[in-house]
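Structure, as structure tokens:
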There are 2 protein chains.
Amino acid sequence: MNTITRKQRELQQREKLFLDTARQVIRDNGVSALTMEVIAEITEYSKGTVYKHFTCKEDIMCALCAEGVEYLISLCSQMTEFPGSPREKSIIIALSYLLYAERYPEEFDLLVASKNANIRQKASPERLAVTDEADQKITQLIKDQIHAAIQCGDLTLTPDATVDQLCLGPWAISLGITALYEAQDMISSIEFPPLQDTLYQQLNFLLDGYQWRPLSTEFDYKKTLADAALQLAKNTDDFSISDTLGVQE
Amino acid sequence: MNTITRKQRELQQREKLFLDTARQVIRDNGVSALTMEVIAEITEYSKGTVYKHFTCKEDIMCALCAEGVEYLISLCSQMTEFPGSPREKSIIIALSYLLYAERYPEEFDLLVASKNANIRQKASPERLAVTDEADQKITQLIKDQIHAAIQCGDLTLTPDATVDQLCLGPWAISLGITALYEAQDMISSIEFPPLQDTLYQQLNFLLDGYQWRPLSTEFDYKKTLADAALQLAKNTDDFSISDTLGVQE
DNA sequence: AACATACTTTGACGGAGCGTCACAGAATGA
DNA sequence: TCATTCTGTGACGCTCCGTCAAAGTATGTT
């Protein structure tokens, strides 16, 4: 009877092994180095066995994305535990995104690529449901802040703007800026300041445009960021985080 | 003597033929259908000849991107000839971007993908220089509006914001929103209003955050958009443009 | 223990597509 | 007419994908 659960457990473990291996390959040698054969070789299973878990290469990529978003969520929830206004927390969420993109650029590329139809239509529906669930959780985090801001009077919805729309803005600007920065070497027409500065600044402009109080002119969000980074650094024992976010005590 | 120029002309014509063919393949059957063999077959040349023009598949993709941006620039310059304030023109530029993305989603995917390192590092340096030049032109269009706005007092730079940074914002938000909309079927957590509404709205919020006058509360940019769309429709004899931009008389 | 049955794993295989290069063929010039 | 140079070709080798028949292993039955 409990052999079934043992089998299932083993299967789960193996899936984790495959995914961990895939992630490591990407971190070491980039997305282009990720092949089914390589995963099979490293894990000492055969290709056929890998295909028992993942319908195709895109399926693995989407699975990695979902895990990436889950990691992002764990960063966010650690950082938003820190007390602060909804706007402070929103900024912290966006900068968690950046933290992820800076540390694992190859995986972030995957995240951008997986928003593309050609990848998604190959992945299995089951896998896509999982990635959707992860996306749902992270948008919920942002939506929560928007709702909280409305509740406490920091933010007032204009008739033609919904919570969903306000949520799209920060998401899009984080995605867009980070994607552009990936290509900065190839765009000579613009002088790129450090990524974190641009994202911090543009996000503040956008939220100021929403009239989301306290405005960036009324409150120093740099301090929020520094505190949150320190908090996270303590939690994870990793003090390079403060560097990445460009905050110094 | 002039046989050299004839040869060159023929070569240029053939390159155009290859690119037009590639674009058509993508429009008809998507990026995944684009193979070197297919281009050779359709044009009735051999694969080797195609490789005389393009170092690899990514090279063709980057060439198509550059042409796409050139098309975008032609849209923009048509629309910005229309009289208006710098902010009006900036909004028109962003919505040209949308116009392109809506009409040729597959080609827009390419544009997003080509911002990714894995594509760029395969393409030839010569080709990348051309795409960079195109990017340069379009950022210049935005920068021109920012400079004009500063000149006439509509916009004041804060000490920590440069023209380049202000230029990144609208670019990133246009890119980010359009990319997210490509994936909207797979993101169930957000109710997506029509793309043009979201972009129009978020861009206004962002520019309001810049304190770029006239603010969206002081001026009806919907009218600008409708006028510009009508202008472009007349220029191109294509009245579906007004529909795409969601403006009605 | 011996056998039957069901499940798991394997890697050889066919296929798609990339990029190359030796050679065939055309153009140019002497 | 022949030599030389330039151009185009497509067969070939390679990599990687995804499949599937067959080998191997576990479980259950007598």
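All figures in this text were calculated on a predicted structure; none of them were measured in a lab. Per chain, numbering begins at 1; letters A, B, ... match sequence-line order.
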Name the residue closer to the 5' end of DNA chain D, choosing between B:Glu37 and B:Arg14 according to the nucleotide with the nearest heavy atom.
B:Arg14

Atom pair distance, as rounded to whole Å: NE2 in A:His53 and P in D:dG18:
16 Å

For atom NZ of B:Lys57 and atom P of C:dG19, their distance in whole Å:
9 Å

Please tell me if the side chains of A:Tyr181 and A:Leu199 come closer than 4.5 Å, counting only heavy atoms from C-beta onward.
no

Of the options A:Glu15, A:Glu133, A:Glu58, which is the one that meets A:Arg127 in a salt bridge (charged side-chain N to carboxylate O under 4.0 Å, His left out)?
A:Glu15

Output the rounded distance in Å from CG (B:Leu34) to P (C:dG17).
11 Å

In terms of side-chain heavy atoms of B:Tyr51, which of C:dT10, C:dT28, C:dG19 is nearest?
C:dG19

Identified side-chain contact (heavy atoms from CB on, under 4.5 Å) partner of A:Phe108 from the options A:Glu102, A:Glu182, A:Arg103
A:Glu182

Can you measure A:Glu10 atom CD to C:dC7 atom P for me and round it to whole angstrom units?
17 Å

Over how many whole Å does the gap from B:Phe18 atom CZ to D:dG8 atom P extend?
9 Å

Shortest side-chain distance from B:Thr49, nucleotide among C:dG19, D:dG8, C:dT9
D:dG8

Between B:Glu15 (CD) and D:dT7 (C1'), how many Å, whole number?
16 Å

